[in-house]
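Below: the structure, in structure tokens.
In what follows, every chain begins at residue 1, and chains take the letters A, B, ... in the order their sequences are listed.
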Amino acid sequence: MRWSQTLIPTMKESPEGAEIPSHVLMLRAGLIHQVMAGAYNYLPLGLRALKKAERIVREEMDRAGAIEVLMPAITPLSLWERTGRVTAFGNVLIQFKVSRAGKHVPMALGPTHEEVVTDLVSRFVSSYRQLPITLYQIQTKFRNEERPRFGVLRTSEFLMKDAYSFDASVEGLSASYQKMYDAYCRVFSRAGLAYLAVEAESGPIGGDASHEFMVLADNGEDVVVHCASCGYAANLERAETGKRGGRKSGEAAQALTLVDTPQVGSIEQVSKLLHCKPEQMVKTLIYLADGQPLAVLVRGDHDVNENKVRRAVGAKQLELAPVDVIEKVTKAPVGFAGPVGLSVPLWADHDLAAMANMIVGANQADKHYTGCNLGRDFAPAVEHFADVRNAADGDPCPRCSGKVDLRHAIEVGHVFKLGTKYSTALGAKFLDDKEQQHDVIMGCYGIGVNRILAALIETSHDENGIRWPMSLAPYEVILSPLNVAQEDVMQAATKLYDELLAEGIDVLLDDRDQRPGVKFKDADLIGIPLRVVVGGRSLKDGNLEIKWRHEGQASHLPLAGAARKIAEMVTAERKKYV
RNA sequence: CGGGGCGUAGCGCAGUCUGGUUAGCGCGUCUGGUUUGGGACCAGAAGGUCGGGAGUUCGAAUCUCCCCGCCCCGACCA
């Protein structure tokens with residue numbers, strides 16, 4: 001492509017509003033243009049990169065034996081009603097009515113396609129002989145974001161690869177899942193991303209039924225718990241916390257003392273008033289587990305993880321108790337709950353075992369206890385000590401003797417064992433070899449294609465612009481004749497351009513009548529991996545100048561046979577990403 | 001939806017507090033010329049519902065009220 005004939009609106013300055021590097025650079029390099037909050041135009045350069053990401057995904061899905069289909073973006077609302085997800089999605093589901101023959105047909109834009117694909121399979125798959133099968137599509141998804149942000153990372157419309165596996169057995173599901181997991185690893189490494197596959201919250205199925213593929217980035221919205229020494233990685237929701245040692249040694253138990261804490265209910269306020277650290281305090285939260293009240297105790301500086309509580313308690317449903325229940329259970333206003341004298345079951349985080357002389361709510365208005373000690377003043381059942389909190393920075397690693405870090409990350413992919421939730425709801429059944437009917441066992445697997453680009457840029461750029469890997473770069477080579485008015489320069493450049501095209505290289509010819517500085521700056525900004533310069537200076541000696549985007553120094557290359565040589569360099573670089 | 005910020009030419013901004021010629025500056029764009037190895041120079045030109053509406057005033061980009069849009073933090077994100 002000739003630069004003068006396409007649309008690459010590069011910008012010297014970044015538009016107001018863009019803050020994170022990927023957003024700024026995608027705008028400045030002319031990859032995207034915002035249409036409204038959460039919706040972007042993909043301009044030629046951005047579209048080419050997106051298509052390359054899409055192609056990698058497609059190739060790896062095909063290699064893994066998944067079968068491509070295309071499902072509609074518009075779907076009948078009734079399908080979502082059958083699985084109860086109209087309410088589950090709430091405002092995220094974009095709904096509308098279309099007038100047809102005087103009637104108003106309720107529809108929704110697909111935020112994902114479990115319902116559609118399960119309905120599809122229920123109609124055409126009825127025998128174990130047809131299983132397993134994995135269907136996938138690359139489609140635009142729609143999710144109304146209350147607050148779109150971070151450029152292309154959180155939008156209301158995005159390109160997603162979603163795959164769904166259908167199996168006759170749990171073992172089959174595990175095999176299908178593993179195939180997708182492996183395919184994802186290949187996709188992200190081909191895209192040049194430094195990714196981490198982390199254990200993720202897996203819902204009712206349990207086990208290692210869900211993994212997220214994360215790219216560590218300061219601007220990521222997710223938090224990953226990571227151990228540098230053993231490589232343990234999990235998302236915050238899921239991460240286990242390691243046990244600490246026993247009770248603090250050398251600290252004598254003080255007497256349980258009632259202190260005044262007027263009008264002061266929060267951990268932060270109490271710690272300020274009593275001149276203590278939040279980690280000396282205990283947070284007492286009253287929950288309803290399947291309707292039954294219980295108290296959960298964690299250290300003042302920790303956060304309760306409700307999924308962990310739900311699992312520990314063995315409840316189907318868990319929610320924070322409403323105010324009236326809290327007041328009834330604690331016989332005090334909200335903010336002064338504590339474990340001493342409570343009649344509901346107590347569940348305590350492991351870390352409480354290592355605490356002495358805790359500060360707790362006194363279950364009386366405007367009062368706390370200091371010098372509260374486990375065993376003497378309150379005693380949860382031994383089996384009620386559990387991991388019920390979110391991991392925190394510096395926690396002991398659950399797998400080794402190291403410590404974990406909390407790192408921000410961008411989620412680029414997610415694999416999930418679904419089970420039979422949708423096949424049951426939508427009647428996707430099969431007959432086994434003993435003529436017994438069963439619900440099909442499903443898995444679902446998503447990749448955010450746009451996020452591949454944003455995550456790459458977020459983690460691969462410098463002060464001059466983007467640094468594309470060969471696999472995603474909108475063009476592999478940028479060919480820059482420095483002076484288009486100079487005949488021999490233009491002649492050599494045009495000839496080389498044609499030869500490179502013939503070699504099957506994606507080449508962008510910067511034929512603009514611009515000064516060299518402009519061309520160099522733009523080439524760096526849009527991040528094309530290999531830059532080839534045709535300029536009067538080296539051309540006099542029959543040379544071109546070539547420079548990798550990621551290297552500082554340019555080198556010379558004889559004009560004669562240059563196309564072949566460049567093609568070889570590009571081919572060698574391509575091989576790093578297959 | 002709660003808190004904060006912003007909205008003036010394609011992009012980045014000044015001017016608004018303290019109302020008063022014809023609304024400026026840089027970049028970009030166009031014309032002509034000189035240039036040509038890291039965002040050139042000279043001369044000229046085009047380009048504006050000052051986010052929208054209502055109000056106050058002799059007079060509003062500037063003051064008041066309402067609305068809209070965008071960004072950030074939070075809540076939300078099967």
Exercise. Are the side chain of A:Ser156 and the backbone N or O of A:Glu145 linked by a donor-acceptor pair below 3.5 Å?
Worked result: yes

For this session: Measure from CG on A:Asp513 to P on B:U34 and round the result to the nearest Å.
Result: 13 Å

Exercise. Sub-3.5 Å donor-acceptor pair from the side chain of A:His461 to the main-chain atoms of A:Ile466, do we have one?
Worked result: no

For this session: Answer yes when A:Asp162 and A:Lys141 have at least one side-chain N-carboxylate O distance shorter than 4.0 Å, and no when they do not.
Result: yes

For this session: Check the angle between the aromatic planes of A:Tyr195 and A:Phe188 and answer parallel, tilted or perpendicular using the 30° and 60° thresholds.
Result: tilted

Exercise. Near A:Glu551 CD, under 6.0 Å, is it more than 12 heavy atoms from other residues, nucleotides or ligands?
Worked result: yes

For this session: Pick base, sugar-phosphate or nothing for A:Asp522, based on heavy-atom distances below 4.0 Å to the nucleic acid.
Result: base

Exercise. Under a 3.5 Å cut-off for both distances, is B:C30 Watson-Crick or wobble paired, and to whom?
Worked result: B:G44

For this session: Just name whichever nucleotide pairs with B:G37, Watson-Crick or G-U, keeping both distances under 3.5 Å, else none.
Result: none

Could you list the protein-to-nucleotides 24-33 of chain B atom pairs, N/O on both sides, closer than 3.5 Å?
| residue | atom | partner | partner atom | Å |
| --- | --- | --- | --- | --- |
| B:G26 | N2 | A:Glu13 | OE1 | 3.1 |

Exercise. Which listed nucleotide (B:C72, B:C11, B:U36) is nearest to the side chain of A:Pro15?
Worked result: B:C11

Exercise. Has the side chain of A:Lys161 got a donor or acceptor atom that lies under 3.5 Å from a matching backbone atom of A:Val449?
Worked result: no

Exercise. Whole-Å distance between B:G69 C1' and A:Gln34 CD?
Worked result: 10 Å

Close N/O contacts between protein and nucleotides 75-78 of chain B (under 3.5 Å):
| residue | atom | partner | partner atom | Å |
| --- | --- | --- | --- | --- |
| B:A75 | N6 | A:Arg149 | NH2 | 3.3 |
| B:C76 | N4 | A:Arg149 | NH2 | 3.0 |
| B:C77 | O2 | A:Arg154 | NH1 | 2.3 |
| B:C77 | O2 | A:Arg154 | NH2 | 2.7 |
| B:A78 | N7 | A:Arg85 | NH1 | 3.3 |
| B:A78 | N6 | A:Arg143 | NH2 | 3.0 |

Exercise. Could you state the CG-P distance from A:Asp510 to B:U36, rounded to the nearest angstrom?
Worked result: 19 Å

Problem set entry | From B:G37, B:C71, B:U36, nucleotide with atom closest to A:Glu19 side chain | B:C71

Exercise. Under the 3.5 angstrom rule, does the side chain of A:Asp524 hit a backbone N or O of A:Asn464 as a donor-acceptor pair?
Worked result: no

Exercise. Which of the following nucleotides, B:G39, B:G37, B:C13, is nearest to the side chain of A:Glu16?
Worked result: B:C13

For this session: Measure the distance from CG on A:Leu525 to C1' on B:C11 and round it to the nearest whole Å.
Result: 14 Å

Exercise. Of the nucleotides B:U36, B:C71, B:G38, which one has an atom closest to the side chain of A:Arg515?
Worked result: B:U36

Please list, pair by pair, any protein nitrogen or oxygen found under 3.5 Å from a nitrogen or oxygen in nucleotides 42-50 of chain B.
none

Exercise. In terms of the angle between their ring planes, are A:Tyr181 and A:His211 parallel, tilted or perpendicular, with boundaries placed at 30° and 60°?
Worked result: perpendicular

Exercise. Do the rings of A:Tyr177 and A:Tyr445 sit parallel, tilted or perpendicular, given the 30° and 60° boundaries?
Worked result: tilted

Problem set entry | Shortest side-chain distance from A:Phe520, nucleotide among B:G38, B:C71, B:G39 | B:G38

Problem set entry | Sidechain-backbone polar pair: A:Asp511 side chain, A:Ser4 backbone, donor-acceptor under 3.5 Å | yes

For this session: Could you tell me whether A:Lys495 and A:Glu499 make a salt bridge, using a distance below 4.0 angstrom between a side-chain N and a carboxylate O?
Result: yes

Exercise. Does any nucleotide pair with B:U62 by Watson-Crick or G-U wobble geometry, both distances under 3.5 Å, and what is it?
Worked result: none

Exercise. Any ion pair linking A:Glu221 and A:Arg149 (charged N to carboxylate O, less than 4.0 Å)?
Worked result: yes

Problem set entry | Whole-Å distance separating the CZ atom of A:Arg28 from the C1' atom of B:G12 | 12 Å

Problem set entry | Side-chain-base donor-acceptor pair under 3.5 Å for A:Asp524 and B:G38 | yes

For this session: Could you let me know what B:C76 is paired to, Watson-Crick or G-U wobble, both distances under 3.5 Å, or none if it's on its own?
Result: none

Exercise. Which part of the nucleic acid, if any, lies within reach of A:Ser14 when heavy atoms closer than 4.0 Å are counted: base, sugar-phosphate only, or nothing?
Worked result: sugar-phosphate

Exercise. If pairing requires Watson-Crick or G-U wobble contacts with both distances under 3.5 Å, which nucleotide is the partner of B:U56?
Worked result: none

Problem set entry | Spacing of A:Leu544 atom CG relative to B:G37 atom C1', expressed in whole Å | 14 Å

Seminar exercise, completed: Taking B:G39, B:U36, B:C72 as options, the one with an atom nearest any side-chain atom of A:Phe150 is B:C72

For this session: Report the distance from atom CG of A:Leu27 to atom C1' of B:G12, rounded to the nearest whole Å.
Result: 13 Å

Exercise. Where the side chain of A:Met36 is concerned, which of B:G39, B:C71, B:C70 is the nearest nucleotide?
Worked result: B:C70

Exercise. Yes or no on side chain to side chain contact (heavy atoms under 4.5 Å, CB included) for A:Thr118 and A:Met442, after CA distance, side-chain angles and deciding distance?
Worked result: CA-CA 9 Å; A:Thr118 307; A:Met442 294 174 58; 3.2 Å; yes

Problem set entry | For atom CD1 of A:Ile526 and atom C1' of B:G39, their distance in whole Å | 15 Å

Seminar exercise, completed: Scanning all shown strands, the Watson-Crick or wobble mate of B:G7 with both distances under 3.5 Å is B:C68

